Every structure is written in C-alpha cells, then in structure tokens.
Amino acid sequence: MGGGRKTKHGAEVAPIFRARREESSSSGEDGREEDSDSAASDTSRTAAATPLTKADLRHLLQEIKTNMAAEFSRHLAPITESLNDLTRRTTAIEDQLDRTSMRAQTNETAISALQDQVRLLEEAQEDLNNRSRRNNIRIRGVPETVGIDMLAPTLRELFCSLLPEASPAELLLDRAHRALKAPLPNATQPRDIIIRMHYFHIKEALMRAVRDNPLQIEGHQVGFYQDLAPSTLRKRRELRPLTLELARRHIRYTWGHPFKLQVRQNNRVHTLYHISEATAFAERLGLPAIDLTAEHPDRRPAGRLSPRGPTLHPTRAPPPSSPHPQPAT
C-alpha cells in the first residue's frame, strides 16, 4: 500500500492503525507524567505531615540569625564608619580647643603683664615730660598786640616789677614763645606764652609773687600757670568733678609728680594714683559717689589735649574771676 509505514519486521502498517498506535503511545506517556506528579505530591504531603524536630528548629533559627546578622552588617557598615569618622574629628577638635584655651590663658597673662609695663612706661614718660618742663611757666592773658619781638623785653620788665630784689642775671630767660598754633580770627582769648626760666628758684619765686600781686597788661588779667604734659592735663580734667567737690567742702589738696592727688584729712594723707581709684578715694574721704564720666559745665572733653586747660598751680591762689577756688599748699 502506498504511503504506509513499515514495522520493524518490514511490514507496512495501514494509516488507520498507525494513528491509533500513536494515540496509544501518547496516552501512555501522559499516564506516566501523571504518575510522576502524583508521586511528587504524595512525597510533599508526606514531608508536610512529618513533624519538625528541635534540631530542625535550631538549624532554622541559626540560619535566620546568620542571615539577619549579615544583612545588619551590610547596612550598618557605612553608619559605623561615619560614626568612627565623627569620633575622630570630634576628638581632634576637642584637642585643638584645649590647646587654644591654654594659649588664650597664656596670652591673657602675657597681655596683662604687657599692659602693666606699658602703663609704667607711660607714667615714667609723663613724669620725664613734666620734669623737663619744671622751669617752664605758661603765661595766660597777654594780648596778641605784644608781638614776638617784644615778648622778651615785656616779660623782663614784668619780672623786674615782681622781683625787684633779683638781679638781671638771675632773671635770665632761656626762651619765650606763643603757644604753637595759629591765632584765631576774632578770638577774645589770646594764645598762651610759654617761657623757660634759666633758674628754677627764680621761676618758683615768680609763681609766688604773682599769687600775691595780680597782674594786668593793657587791661587784661594775666595769670601764671605751671606748664604740664598734655597727658597730665587730661587726667586732671577727668578728675575735675572730684576736685570741685573737694573745693566746695574746703578740703585742701595738692597735685604731685608722678601723677597723684593728695589730700590731708584728720592728720592722715590720702593719695590717689590712678583715675580708676577715684570712687574708693572719695569713700575714704567721706564724699558722696562721684561720676567722673558725666559732663560738667566746667569740664572740657577728656580727649582734647589743648594746653589751654591746665588747673591752677597748687602754690598759688586763683584769680578773682575764677568761680571755683583752688587750694594752696
């Protein structure tokens, strides 16, 4: 037969029988697959029906712990590294702060010592400045009409009238000049005249003579004052409220060099060396609290170092025009 398939013995099989044989073969294979699935399902049901032992539970628990530890380690590793880095940086910053604090304390001690040295140097320089002016007299009130060429003759004539017993050689002038600033137009107050006497005792005698014999030149009241360093004038101006209170209570005081203010009360001498001691100084004298920072009508700004603001020399009385009397030694 054409189109038939031969068997293993060489005989051909009719197509109808061949289809049945294939169906039988495929059905056999499907049966075998169903049998294998059924066997697997039976095995799983048997395993599920078998109870777990403690060893199995311990094994499962250990596996869970191991897995969790691995996961935690994987996620916490970056955080741990960051914390360690922060710890190192914090420790470094604390060490740096400790070193900075120690340096600051050392610098503070050194600065305090340097401030004390600067204060001592300033006081020494101020004292030397005042000592270099000890023969100087600042004359106030001589009108500007007395020119520079007439200063020396006018002053010699003035000194001869004050000290008639002194010889011309003793009334020797080393120098005489106006204050080193330009005259102000329409100024009612003439510039001061600064002179240096050759002999100190003559200078002191002139200061005492003017105290007892007020002078006038061309109708202007003339006063003699001790020439002082600008820093000394500034300190005296800052203590003006205190000295005014002392004068109001008729308490005598004197200025000293290096800078100091001395008051004798109840046979005791009280001395003020620095402006910061003014409050305690007033308490010792039984004075009310005095505010040195407050503005006073008779007090000019402390920062102004004009030579026109010296207080009166302690060895002479104030001129009659002065509203605040000054003490005399």
Side-chain angles (χ1 to χ4, degrees), residues 112-113 115-131 133-134 137-138 140 204 207-212 214 221 223-329:
S112 179
Q115 288 176 338
D116 293 338
Q117 293 179 12
V118 169
R119 181 177 58 82
L120 292 175
L121 290 174
E122 288 178 346
E123 292 175 353
Q125 187 272 339
E126 179 184 344
D127 183 47
L128 291 175
N129 195 345
N130 285 322
R131 289 181 185 277
R133 300 167 183 253
R134 65 195 304 265
I137 300 177
R138 184 178 289 269
R140 181 171 301 167
E204 289 293 301
M207 298 291 288
R208 289 191 297 269
V210 172
R211 181 185 62 185
D212 300 328
Q221 185 74 30
F224 282 23
Y225 302 88
Q226 176 64 47
D227 187 32
L228 297 171
S231 57
T232 302
L233 298 178
R234 175 178 55 81
K235 292 177 181 179
R236 291 191 180 188
R237 283 196 295 271
E238 291 177 354
L239 289 175
R240 184 69 173 168
L242 176 59
T243 56
L244 287 176
E245 183 65 22
L246 292 174
R248 190 181 68 83
R249 294 171 178 262
H250 305 287
I251 300 176
R252 292 180 176 271
Y253 64 90
T254 57
W255 298 105
H257 299 284
F259 179 81
K260 60 185 174 182
L261 176 65
Q262 288 186 328
V263 173
R264 180 179 291 275
Q265 187 182 58
N266 299 328
N267 296 325
R268 292 185 60 186
V269 177
H270 303 273
T271 305
L272 182 148
Y273 293 98
H274 196 267
I275 296 174
S276 60
E277 305 170 358
T279 302
F281 183 77
E283 290 179 357
R284 291 199 302 269
L285 297 176
L287 301 178
I290 298 176
D291 185 11
L292 298 181
T293 61
E295 291 294 333
H296 193 276
D298 294 334
R299 179 185 179 192
R300 285 187 288 180
R304 185 177 174 185
L305 299 181
S306 170
R308 305 177 71 79
T311 55
L312 296 179
H313 191 273
T315 60
R316 57 162 295 180
S321 60
S322 175
H324 302 289
Q326 295 289 332
T329 55

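Residue numbers count from 1 along this sequence. Owing to the predicted nature of the structure, the values given are computational and were not obtained by experimental measurement.
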S.K.: What pair of heavy atoms forms the shortest contact from Pro230 to Arg133, and how long is it?
M.R.: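 Between these two residues, the closest heavy atoms are CD-NH2, 3.9 Å.
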S.K.: Just distance, no hydrogens or angles: give the donor-acceptor pairs under 3.5 Å from side chains in residues 256-275, sequence neighbours left out.
M.R.:
unit_1	atom_1	unit_2	atom_2	d
His274	ND1	Ser276	N	3.1
His274	ND1	Ser276	OG	2.8

S.K.: Is Trp255 close to Thr232 at the side-chain level, that is, under 4.5 Å between some pair of heavy atoms?
M.R.: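 No, side chains not in contact.
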S.K.: With the side chain counted from C-beta on, respond yes when Leu228 and Arg138 share a heavy-atom pair under 4.5 Å apart, and no when they do not.
M.R.: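 No - every pair of side-chain heavy atoms lies 4.5 Å or more apart.
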S.K.: Search all heavy atoms of Arg249 against all heavy atoms of Pro288 and return the closest pair with its distance.
M.R.: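 So the two residues come closest at NH2-CD, 3.2 Å.
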S.K.: Is the closest basic N to carboxylate O distance between Asp127 and Arg131 below 4.0 Å?
M.R.: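 A salt bridge links Asp127 with Arg131.
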S.K.: Can you sort out the partners of Glu123 under side chain to side chain contact (heavy atoms under 4.5 Å, CB included), two or more places apart, ordered by chain and number?
M.R.: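 Applying side chain to side chain contact (heavy atoms under 4.5 Å, CB included) to Glu123 gives Arg119, Leu120.
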S.K.: Can you measure from OH (Tyr253) to OG1 (Thr243) and round to the nearest 0.5 angstrom?
M.R.: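 Tyr253 OH to Thr243 OG1: 4.5 Å, rounded to 0.5 Å.
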S.K.: If I compare all heavy atoms of Gln226 with all of Met207, which pair ends up nearest, and what's the gap?
M.R.: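 Here Gln226 and Met207 meet closest at N-CE, 3.9 Å.
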S.K.: Nearest 0.5 angstrom please: Arg208 CZ to Asp212 CG, how far?
M.R.: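 Answer for the CZ-CG pair, Arg208 versus Asp212, is 9.5 Å.
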S.K.: Would Glu122 and Ser231 count as a side-chain hydrogen bond (donor to acceptor under 3.5 Å, both in side chains) if you check the C-alpha gap in whole Å, the side-chain angles of each, and the deciding distance to 0.1 Å?
M.R.: CA-CA 9 Å; Glu122 288 178 346; Ser231 57; over 6 Å; no
S.K.: Kindly compute the distance separating CD1 (Ile251) from CG (Leu242), expressed to the nearest 0.5 Å.
M.R.: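 Atom-to-atom, Ile251:CD1 and Leu242:CG are 9.0 Å apart.
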S.K.: Measure across Asn130 and Ala229 and return the closest heavy-atom pair with its distance rounded to 0.1 Å.
M.R.: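 Here Asn130 and Ala229 meet closest at OD1-N, 2.8 Å.
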S.K.: Please enumerate all residues that pass side chain to side chain donor-acceptor pair (under 3.5 Å) together with Arg284, with sequence neighbours excluded.
M.R.: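 Not a single residue meets the side chain to side chain donor-acceptor pair (under 3.5 Å) criterion with Arg284.
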S.K.: List the residues meeting salt bridge (Lys or Arg N to Asp or Glu O under 4.0 Å) with Arg248, not counting sequence neighbours, and say none if there are none.
M.R.: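 For Arg248 the salt bridge (Lys or Arg N to Asp or Glu O under 4.0 Å) partners, ignoring immediate neighbours, are Glu245.
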S.K.: If you round to the nearest 0.5 Å, how far is CG of Leu239 from CZ of Arg237?
M.R.: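 The CZ atom of Arg237 sits 11.5 Å away from the CG atom of Leu239.
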S.K.: Does Phe224 have Arg140 sitting over its ring (NZ/CZ under 6.0 Å from centre, angle to axis within 45°)?
M.R.: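 The answer is no, since Arg140 fails at least one limit relative to Phe224.
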